[in-house]
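Predicted, not measured: the structure shown is a model, and the values here were computed from it.
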Amino acid sequence: TQVTVAWVAPAVPPAPYLEHYELSTSSVSAAGPFTSLGSISSGTFSFAHSSLSLDTTYHYRLLTVDAAGTPSLPDTDGGGCATLHKIQLN
């Protein structure tokens, strides 16, 4: 089973300072622990996650990383620094 996770470029940090994204997932809880799915270039806005199990909830965390290598802080307040998604496969 496969799911495509997609996102919109954040306003923070501004696009010229955005180096790449770090995508991670957890099938345990929204608080983690998270396993990295890798670094994704700043011009890419989706990731196909394959080999997923049915009847499992997956939580996704997307962090932005600036040109200095500093990642955004994980949060879910809608501030644009990071996003968190929950997907249930049935």
Task: Shortest non-hydrogen contact between Gln2 and Ala48, atoms and distance - done: NE2-CB, 3.5 Å

- [ ] Decide side-chain contact (heavy atoms from CB on, under 4.5 Å) for Tyr21 and Val65; before the verdict, give the C-alpha distance in whole Å, the side-chain angles of both, and the deciding distance to 0.1 Å.
- [x] CA-CA 6 Å; Tyr21 299 101; Val65 180; over 6 Å; no

Task: Any residue meeting side-chain contact (heavy atoms from CB on, under 4.5 Å) with Ser24, in chain and number order, not counting sequence neighbours - done: Phe34, Arg61

TODO: Following the transitive rule for hydrophobic clusters with a side-chain heavy-atom cut-off under 4.5 Å over Ile, Leu, Val, Met, Phe, Trp and Tyr, establish whether Phe45 and Tyr60 coincide in one cluster.
DONE: yes

TODO: Using the rule that two of Ile, Leu, Val, Met, Phe, Trp, Tyr join whenever any of their side-chain heavy atoms come within less than 4.5 Å, decide whether Val3 and Val28 are in one cluster.
DONE: no

Task: Ser36 versus Glu22, closest heavy-atom pair with distance - done: OG-OE1, 4.3 Å

TODO: Report the C-alpha separation of Phe47 and Thr25 in whole Å, then their side-chain angles, then the decisive distance to 0.1 Å, and conclude whether the side-chain contact (heavy atoms from CB on, under 4.5 Å) test is met.
DONE: CA-CA 12 Å; Phe47 178 84; Thr25 188; over 6 Å; no

- [ ] Indicate yes or no for a side-chain donor-acceptor contact from Tyr58 to the backbone of Ser53 under 3.5 Å, with no hydrogens or angles considered.
- [x] yes

TODO: Would you name the heavy atoms of Thr70 and Asp66 that are closest together and state the gap between them?
DONE: N-OD1, 2.9 Å

Task: side-chain hydrogen bond (donor to acceptor under 3.5 Å, both in side chains) against Ser29, all qualifying residues, sequence neighbours excluded - done: none

Open item on the list: So, using side-chain hydrogen bond (donor to acceptor under 3.5 Å, both in side chains) as the criterion, who are the partners of Ser41 when residues are at least two apart?
Closed with: Thr44

Task: Inter-residue atom distance Thr64.OG1 - Leu62.CG, 0.5 Å rounding - done: 7.5 Å

